[in-house]
There are 2 protein chains.
Amino acid sequence: MSSYVIAADIGGTNFRAATVSDKGEITERRDAPTPPGAGPEQLLEALAGLLETIAMAGKPARAACLAVPGLVNAMTGTIVIAPNVPGFRNLQLGPALEQRLGMPVVLENDASAAALGELRFGAARGVRHLVHITAGTGIGGGIIVDGRLYRGANGFAGEIGHIVMDPAGPVCNCGARGCLESLVSGVALATRARRLLANGVSPTLRDIVGVREPTGADLFAAAKAGDKHCEAEIRHAGHVLGLGIGSLVNVLNPEMVTLSGGMLVMGEMLLEPMHEGLRSMAYGSAGTVEVRITELADEPGLLGAAAVAFALLDIE
Amino acid sequence: MSSYVIAADIGGTNFRAATVSDKGEITERRDAPTPPGAGPEQLLEALAGLLETIAMAGKPARAACLAVPGLVNAMTGTIVIAPNVPGFRNLQLGPALEQRLGMPVVLENDASAAALGELRFGAARGVRHLVHITAGTGIGGGIIVDGRLYRGANGFAGEIGHIVMDPAGPVCNCGARGCLESLVSGVALATRARRLLANGVSPTLRDIVGVREPTGADLFAAAKAGDKHCEAEIRHAGHVLGLGIGSLVNVLNPEMVTLSGGMLVMGEMLLEPMHEGLRSMAYGSAGTVEVRITELADEPGLLGAAAVAFALLDIE
């Protein structure tokens, strides 16, 4: 007989929740818009309401997990900061949600949850030591040690986007200079696109963007349409991503590295230079580590949260 | 009653071995020169002879560990490569030494052993998640997760010297560009000293070095004597070391970072900019992590090896 948990994915625009079986099947699913400008109590109310709806409509669940895009203290059930979700700062949600739902509720960083999702349901089944990297608007990560999520001393481990790749590089969202995220991410590529537009060297990009603000997706569209400047930016980002992965491989010697996130639509234009960068860092294991693409492309957030909830129940 | 193990420290110029108690007391100690130009069998013979001498002269030991400056496969007892010890390449020593000594023998990377040494006998007693960094001729490291040495998939974890700090930086000994070790290490500072001598900007350094090849120690001596160029090089190295430690802290969220190695004689000239660099990387935990200097300054290699041997016996 199957077991079930409630999984929720907290985003800047939507709260999403589902009932998930121990085989990774989604049996019930609801979304709700993130309340704009809401205070802590309204956020808690909106979230609790959504989870209660799922709990009553779906299969009987035994635990719940919220995947949050930010720093989370899993021990106390507190969102320390989630930069893209207004109002989520030093907000202790765990205990109140446990009371409302009548089941154990755990909060986890979304990229760390995604790592456990790949391990339980995705590309990394059976792997002992894993590094998972989410490359989208920002760069996130999760670390699996001995088949379990490694959280570190305060629950903040896995902030892979914030390793320095260039001390003289651009200022990152975190305030430091030259972090991986400041050089390789949707935000970083949008910044490069703005520069190309200002320089006037990419008429294809100008045609695509018009008078809007450019995005990383625009840069990729122009590169696909043959713009060499845009392609060079994406290939450079791929190379730096490979150097960053190589650094992590030298430190952690994982069996496997898995990748997910919106940047993967760039395909080989990103991944080929990434593999070259990784191989150029080979020291010990960097040359032999297996790199795989997510197998949870549709629902990495929900399936990651579900994997954390099942780990909480010790259902293997 | 005390338990005892045999600890050995393999270096490019000396093999050193000792009997060590579970309190970290060294009760017997012998050194032997590393046989120059020796083949695998002569190296094994020299090492086995030294360990047998210690085993017979000292307290009854129950296990032995060799700390090796290179990549080690602890599972098979093989030295994969030890760049500074000629002849130590793809050399399986563990099983032969076990037979000669009649006790379990484990091989470990020296910086990883040093991490476990700090945990058992040194500055990190009682710490759950630790990053240990050795800053000497090269940069090494060891990672403790949940009170145990984290070895990774192949035993190569902890190669902290080979994270990229600058993709356009100098070529590292490992072949990659801009690794932490290529910017911050005795070797890196010697390279900077050669440049200052070639530029003719540091008469103090020239007086100290004379016609020899310069070392990192010469650079520090000139800096202490008031040479501003030399001091700037050391302060820059400290800053980059802090950025590297900050990167590792963001990825691993340890409770503590411990430091050992020859570069620590540079004191505050290195450590003050290191702390500044680390604080500038603060994301989540980087601002609050405790940084401590080794308490095993005299014998980090032997006490590290002893800690690994005790861990093998599960004597806590």
Just by modelled atom types, is the A:Met165 backbone N or O under 3.5 Å from a matching donor or acceptor in the B:Asp166 side chain? no
**Working for side chain to side chain contact (heavy atoms under 4.5 Å, CB included), residues A:Tyr150 and B:Leu252** = CA-CA 8 Å; A:Tyr150 173 71; B:Leu252 291 168; 4.0 Å; yes
Run A:Val251 and B:Val251 through side chain to side chain contact (heavy atoms under 4.5 Å, CB included) and show every step you take.
CA-CA 10 Å; A:Val251 171; B:Val251 171; over 6 Å; no
Exercise. Spell out, as yes or no, whether a donor-acceptor pair under 3.5 Å connects the side chain of B:Asn250 to the backbone of A:His162.
Key: yes
Between A:Ala153 and B:Pro254 the two heavy atoms that sit nearest each other are CB-C, 3.9 Å
Honestly, the part of B:Ile143 sitting under 4.5 Å from a heavy atom of chain A is side chain
Bottom line for B:Arg177: the part with an atom under 4.5 Å from chain A's heavy atoms is neither
Rounded to the nearest 0.5 Å, the CG atom of B:Asn154 sits from the OG1 atom of A:Thr288 at a distance of 5.5 Å
Checked B:His239, B:His129, B:Met256 vs chain A; the most non-hydrogen pairs under 4.5 Å come from B:His129
Heavy-atom closest pair (A:Leu243 atom, B:Pro167 atom, distance to 0.1 Å) is CD1-CB, 3.7 Å
If one checks every heavy atom of B:Ile81 against chain A at 4.5 Å, the contacting part turns out to be neither
If you tally heavy-atom pairs under 4.5 Å between each of B:Ile160, B:Val145, B:Asp146 and chain A, the highest tally belongs to B:Val145
To the nearest 0.5 Å, atom SG of A:Cys172 lies from atom CE of B:Met281 at 8.0 Å
Applying a strict 4.5 Å limit to non-hydrogen atoms, the region of B:Val164 in contact with chain A is both
